[in-house]
Amino acid sequence: MAGAEQQRMILQRMAPDGLSSAEVARRVNNLPNATLLQESAPSTVLVEGHPDAINKVPAGLSGWSALPITRYKVPDPRPRVLKPASE
């Protein structure tokens with residue numbers, strides 16, 4: 001799922017008695033417009049999908065926190081030679 005309407009979010013377990021990552025993965029997989037990208041750690045899950053679907057995920061997860069991923073464009077640090085004004 002890649003496109004302009006997609007959002008990525010990291011779900012992280014904050015409470016030791018929170019739901020397991022397998023249960024969180026199951027809930028994400030049941031959402032129509034969300035995809036589980038990675039479940040590599042027992043307390044972290046990477047999710048991608050439509051913003052409306054993704055924003056609903058953390059509401060039903062006790063002991064979990066949602067961190068949206070924001071991308072920034074880094075400016076080019078190389079100096080540029082300006083063309084002289086035409087006379």
Side-chain angles (χ1 to χ4, degrees):
M1 275 187 176
E5 291 288 328
Q6 301 300 309
Q7 177 184 4
R8 286 189 177 183
M9 185 177 289
I10 297 172
L11 301 175
Q12 186 173 23
R13 184 170 48 202
M14 304 303 283
D17 58 342
L19 296 172
S20 68
S21 60
E23 175 63 22
V24 172
R26 185 186 66 73
R27 289 186 183 196
V28 168
N29 285 330
N30 288 336
L31 293 173
N33 294 324
T35 303
L36 178 71
L37 295 180
Q38 189 174 23
E39 181 192 355
S40 60
S43 61
T44 305
V45 175
L46 178 61
V47 179
E48 180 181 60
H50 192 272
D52 292 338
I54 294 298
N55 291 330
K56 292 178 184 175
V57 172
L61 303 176
S62 61
W64 285 74
S65 176
L67 307 165
I69 295 177
T70 305
R71 295 182 182 188
Y72 298 98
K73 186 173 182 175
V74 179
D76 187 3
R78 297 176 289 184
R80 301 281 182 204
V81 177
L82 299 176
K83 293 182 180 179
S86 32
E87 295 177 28

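Everything numeric in this text was worked out from a predicted model, so none of it was measured.
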*Begin from the C-alpha positions of R13 and V24 and carry the test side chain to side chain contact (heavy atoms under 4.5 Å, CB included) through to its verdict.*
CA-CA 10 Å; R13 184 170 48 202; V24 172; over 6 Å; no
_Partners passing salt bridge (Lys or Arg N to Asp or Glu O under 4.0 Å) against D76 (at least two apart in sequence or in another chain)_ =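 Listed in chain order: R78, R80.
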_From CA spacing to verdict: side chain to side chain contact (heavy atoms under 4.5 Å, CB included), L46, I69_ = CA-CA 10 Å; L46 178 61; I69 295 177; 3.6 Å; yes
*asked:* Check whether W64 reaches the backbone of G18 with its side chain - one donor and one acceptor, N or O, closer than 3.5 Å.
replied: no
Can you tell me how far apart [atom1] ([X]) and [atom2] ([Y]) are? Round to the nearest 0.5 Å.
| X | Y | atom1 | atom2 | value |
| --- | --- | --- | --- | --- |
| L36 | N30 | CG | CG | 11.5 Å |
| R8 | Q38 | CZ | CD | 9.5 Å |
| R27 | L11 | CZ | CG | 11.5 Å |

*Results of side chain to side chain contact (heavy atoms under 4.5 Å, CB included) for P68 - residues two or more places apart only*: Q7
_So which atom in H50 and which in Q6 form the shortest heavy-atom distance, rounded to 0.1 Å?_
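Heavy atoms only, the tightest pair is N-OE1, 3.8 Å.
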*Between A41 and S21, which heavy-atom pair has the shortest distance, and what is it?*
O-OG, 4.1 Å
_Is there a path of hydrophobic side-chain contacts, each under 4.5 Å between heavy atoms, that joins V47 and L31?_
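The answer is yes; both residues are in one hydrophobic cluster.
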*Walk me through it: do L19 and S62 pass the test side chain to side chain contact (heavy atoms under 4.5 Å, CB included)?*
CA-CA 7 Å; L19 296 172; S62 61; 4.2 Å; yes
